[in-house]
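By convention in this document, chain letters (A, B, ...) are assigned in the order of the sequence lines, proteins followed by strands, and residues within each chain are numbered from 1. Computed over heavy atoms, backbone and side chain alike; hydrogens, waters and symmetry mates excluded. These numbers come from a predicted model, not from an experiment.
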Protein chains: 4
Amino acid sequence: MSVHSLRFKMPRTNNKKELIIDAAIKVFARKGFYNAKVADVAKRAGVADGTIYLYFKNKDDLLISLFETKMEEILTRFSSLIEKKISAEKKLREFINLYFLMIEQDQDLAEVFQVELRQSSKFLKDYHNQKFIDFLNIIGAIIEEGIAQSLFNKNISIHNVKLLLFGALDELARQWILTGDASRSLKQTANETADILLYGMLK
Amino acid sequence: MSVHSLRFKMPRTNNKKELIIDAAIKVFARKGFYNAKVADVAKRAGVADGTIYLYFKNKDDLLISLFETKMEEILTRFSSLIEKKISAEKKLREFINLYFLMIEQDQDLAEVFQVELRQSSKFLKDYHNQKFIDFLNIIGAIIEEGIAQSLFNKNISIHNVKLLLFGALDELARQWILTGDASRSLKQTANETADILLYGMLK
Amino acid sequence: MSVHSLRFKMPRTNNKKELIIDAAIKVFARKGFYNAKVADVAKRAGVADGTIYLYFKNKDDLLISLFETKMEEILTRFSSLIEKKISAEKKLREFINLYFLMIEQDQDLAEVFQVELRQSSKFLKDYHNQKFIDFLNIIGAIIEEGIAQSLFNKNISIHNVKLLLFGALDELARQWILTGDASRSLKQTANETADILLYGMLK
Amino acid sequence: MSVHSLRFKMPRTNNKKELIIDAAIKVFARKGFYNAKVADVAKRAGVADGTIYLYFKNKDDLLISLFETKMEEILTRFSSLIEKKISAEKKLREFINLYFLMIEQDQDLAEVFQVELRQSSKFLKDYHNQKFIDFLNIIGAIIEEGIAQSLFNKNISIHNVKLLLFGALDELARQWILTGDASRSLKQTANETADILLYGMLK
DNA sequence: GATGAATGAGCCTTCATTCAT
DNA sequence: AATGAATGAAGGCTCATTCAT
């Protein structure tokens, strides 16, 4: 190795790894994990095919790492919400808003999560998707808080509501992405969703 | 030739095609579409690999046909619900109950639908999933009816509610299947879900 | 078997075998032996796939039978030529005329012979194409006669000339078929070919 | 890293592509295109099956590329002949000599050309065999020149003669290869062929 | 670390052939 | 004899992964 490569190493966490993950998000979003080729990701990332294997054990690992990395970022964004000094109802509304905001800001990531997350948690060997559970638990925590504050009905099942809520958001987001439906703003959808979940549909 | 072979030929509703579809449901549910081999399906169906291609153009077509066939059956079951002479609220409750009942009765099919349906509607070439849209519209019709009956709040967006409702049911079902959680009965989950959607979460 | 099938059996050599051979000629001519499916031949012949195997051992055998049968017919047509009481030169001219006439009358057969004959004599196992050799020997016999009559130069190699002549006719015919060139009549080509072979190209 | 690896990199005229083409010639010559497996070619070339697909789109493309590449080489050899300052008669004799010489030097290639060329020009999709037409036109050019020099009879059809000549050479070559007939030298056959075409067969 | 040519296991699909009816 | 649904061996091709440079 020449003297020149003794050059000042960025301390920041590996640049190229991020590059590859970001490329993978885009490629997986467009083609789906199984239809996407490692070579596609490499090309999009501007690296050689082999380079990917310097940072990831294999294609599955790339997907898992992608989930982990991005889930971490997402969790960070949502976690701060919990600590806010606002009512559980307000938190729930903010949660829903933030969810749709995220979807709007990074549709590719959203697609990967929505479609591949499901495949993967079922078919990737030895992958227990803890981060996703953590994410659901943020909802759970808000609900719990609401019950503690005697805001929410104490008979509702936290377990069910967190799934119900996530499922609802997820499906609304998917269709928004799928149809490219820009007419209905996600902001408005967020409000309606919150209203229905909070007040119910009955007149 | 015995008297019995003066047959009485099975109604001939393509026996073997069904056989293959049923095998495919099981195999796809366990391994996922992309990890499942056509040979796996053939073996499970008790036919030769080539036989599958007598009934389906290719592996993709098998998945799509599976959707179409089963969706048809499902739509039939749900459609009759609409025509019943009961309130929209009752219909919605029955819809939710039926949904979970079906999930319970055919978990394999449910798994395929939940996981692969998403993949496919996005990544299978040229497949516009009309049957799924029809299914969503059954929910839509109930909501509409409820609004017409002045039962439901007329400000709610039918489009959003049908997605919200489906997403919620879907996610609850997925987790139930995934975790094999027999403790919580789906029946109870159905009631809770209906309650929340109808009455809201607020105390 | 019912009394009706005791019906008068045509004494003529199997009808259906001919039917299949004729279909095979057309199909092989259009698609080539290797690209043609047995099912294609069956469909064209208006019989079931399995029926072909009642008359032919396998696909190769169908091709060989086709050659044998048709070559027999061709040999019969050409053989009579030899016995005519005309000069060798006249015979050669008639031979050439007859060759092109045949091509004109049955282009499909011609295509099969031209293209598949070559494949087959090389790659079909255990097939010694005696009939083709007999055909070439008809040319050889005419040349021999011409030499015996002191009409043709005795120094020419009969072996070479028969190949040369056949090759020339064959290529002219192929191009005529290939290009669908109706402008140049084969009749005229026949005369020119005969002239060149007899008189040479020199001025 | 040793001094030797400061290489001197092969001119890099795709080494491996040639390797595969040469292997394909041998394999196709022995088994025929349709009976040859891609794996056979790979094994003979000493590469992995997949490597072939780095250089050729598919099996058909391998055959076509083989034609194109080799035809190019052949055309180059024959083209120089046209420019020589010798009579058209001499050129024709040299053409015939060169043709047989090439056959003798590369029998495998000759076999592939003679047998597969016919198949392919008819049955490979979208392949217009321009190089073969160019080759025929070299003969045409010589004939034209001979007519211009008042050497050849001006009434002969150039179009017919070039086919006639090629067909004759081709058939003679085929039989020589097929029978492995070493007794009759091709050199002598070349002379006889030229004599007959130039002087005719009549005494 | 980076490359990308090479690898070869694996799978979908075809189609000649069979055989129960 | 005739059928045509069923078979399953075979092979073209892909693509995740490796490794020499």
Side-chain angles (χ1 to χ4, degrees), chain A residues 1 5 9 14-16 34-43 46-62, chain B residues 1 5 7 9 14-17 34-43 45-62, chain C residues 1 5 9 14-16 34-43 45-62, chain D residues 1 5-7 9 14-17 34-43 45-62:
Chain A
M1 200 176 260
S5 44
K9 269 273 165 65
N14 211 315
N15 201 309
K16 205 156 272 186
Y34 287 100
N35 292 313
K37 289 171 239 174
V38 173
D40 293 338
V41 177
K43 185 177 291 177
V47 301
D49 297 11
T51 303
I52 289 183
Y53 291 85
L54 296 175
Y55 298 95
F56 305 93
K57 209 154 73 285
N58 51 38
K59 195 186 174 190
D60 282 5
D61 183 44
L62 171 55
Chain B
M1 201 177 258
S5 42
R7 72 220 172 264
K9 281 239 168 177
N14 224 329
N15 210 285
K16 204 151 276 183
K17 189 164 187 171
Y34 288 99
N35 292 313
K37 284 167 255 175
V38 172
D40 294 337
V41 177
K43 188 176 289 178
V47 300
D49 296 12
T51 303
I52 291 182
Y53 292 87
L54 295 178
Y55 297 96
F56 306 94
K57 225 171 40 268
N58 50 39
K59 197 187 173 192
D60 282 4
D61 183 46
L62 171 55
Chain C
M1 199 178 257
S5 45
K9 269 275 165 62
N14 213 316
N15 205 306
K16 206 155 268 185
Y34 287 100
N35 291 313
K37 289 171 237 171
V38 172
D40 294 337
V41 177
K43 185 178 289 176
V47 301
D49 296 13
T51 304
I52 289 183
Y53 290 85
L54 296 176
Y55 298 96
F56 305 94
K57 207 151 75 288
N58 52 36
K59 196 187 175 191
D60 282 4
D61 184 45
L62 172 54
Chain D
M1 201 177 261
S5 45
L6 289 174
R7 71 217 170 269
K9 280 239 168 175
N14 224 330
N15 213 285
K16 205 152 273 183
K17 190 166 186 172
Y34 288 100
N35 292 312
K37 285 170 249 175
V38 171
D40 294 337
V41 177
K43 187 176 290 176
V47 301
D49 295 14
T51 304
I52 290 183
Y53 293 87
L54 295 179
Y55 298 96
F56 305 94
K57 228 175 30 270
N58 51 37
K59 197 187 172 193
D60 281 5
D61 184 45
L62 171 55

### Task
Using a cut-off of strictly less than 4.0 Å, decide whether B:Lys16 has a side-chain nitrogen or oxygen near OP1 or OP2 of F:dA5.
no
### Task
Search all heavy atoms of A:Tyr55 against all heavy atoms of A:Lys16 and return the closest pair with its distance.
OH-CB, 3.7 Å
### Query
Which part of the nucleic acid, if any, lies within reach of A:Tyr55 when heavy atoms closer than 4.0 Å are counted: base, sugar-phosphate only, or nothing?
sugar-phosphate
## Note on the structure
A:Lys59 atom NZ is separated from F:dT17 atom P, nearest whole Å, by 8 Å
### Summary
Checking F:dC13, E:dT3, F:dT17 against the side chain of A:Asp49 (C-beta onward), the nearest is F:dT17
#### Entry: NZ-CG distance between C:Lys43 and C:Asp49, expressed to the nearest 0.5 angstrom
9.0 Å
### Query
If you find the nucleotide of DNA chain E closest to D:Val47 and the one closest to B:Ala39, which residue's nucleotide is nearer the 5' end?
D:Val47
### Task
Kindly compute the distance separating NZ (D:Lys57) from CG (D:Leu62), expressed to the nearest 0.5 Å.
11.5 Å
### Task
Identify, between B:Gly46 and D:Gly50, the residue whose nearest nucleotide on DNA chain F lies closer to the 5' end.
B:Gly46
### Query
In whole angstrom, what separates B:Asn58's CG from E:dC11's P?
17 Å
### Query
Between B:Asn58 and B:Asp61, is any pair of side-chain heavy atoms under 4.5 Å apart?
yes
### Task
Mind checking B:Ala42 for me? I need base, sugar-phosphate or nothing, with any heavy atom below 4.0 Å counting as a touch.
nothing
### Closest listed nucleotide, where the reference is the side chain of B:Leu54 and the choices are F:dT3, F:dA6, E:dA2
F:dA6
### Query
Rounded to the nearest Å, what distance is computed from the CG atom of residue D:Asp40 to the P atom of nucleotide E:dG8?
16 Å
### Task
Check the distance between E:dT14's C1' and B:Phe56's CZ and give it to me in whole angstrom.
18 Å
### Query
In whole angstrom, what separates B:Leu62's CG from E:dC11's P?
16 Å
### Message
Of the listed nucleotides (E:dT3, E:dT17, E:dT7), which one gets closest to any side-chain atom of D:Thr51?
### Response
E:dT7
### Message
How many whole angstroms separate atom CG of C:Asp60 from atom P of E:dA16?
### Response
11 Å
### Message
Show the nearest heavy-atom pair for residues B:Tyr34 and A:Asn35, with the distance to one decimal.
### Response
OH-ND2, 3.0 Å
#### Entry: Nearest-nucleotide pick for B:Lys37, side chain only, options being E:dC11, F:dT7, F:dT17
E:dC11
### Query
Where each residue is assigned the nucleotide of DNA chain F containing its nearest heavy atom, which of B:Ala48 and A:Tyr53 is assigned the position nearer the 5′ end?
B:Ala48
## Note on the structure
D:Lys43 NZ to F:dG11 C1', in whole Å, measures 13 Å
#### Entry: Separation of E:dT13 C1' from B:Lys57 NZ (nearest whole Å)
14 Å
## Note on the structure
Here DNA chain E, pairs taken as Watson-Crick or G-U under 3.5 Å and shown with ( ), [ ] when crossing and | when to another strand, reads .||||||||||||||||||||
#### Entry: Non-hydrogen atoms of B:Ile52 and B:Ala42 that approach each other most closely
CD1-N, 3.6 Å
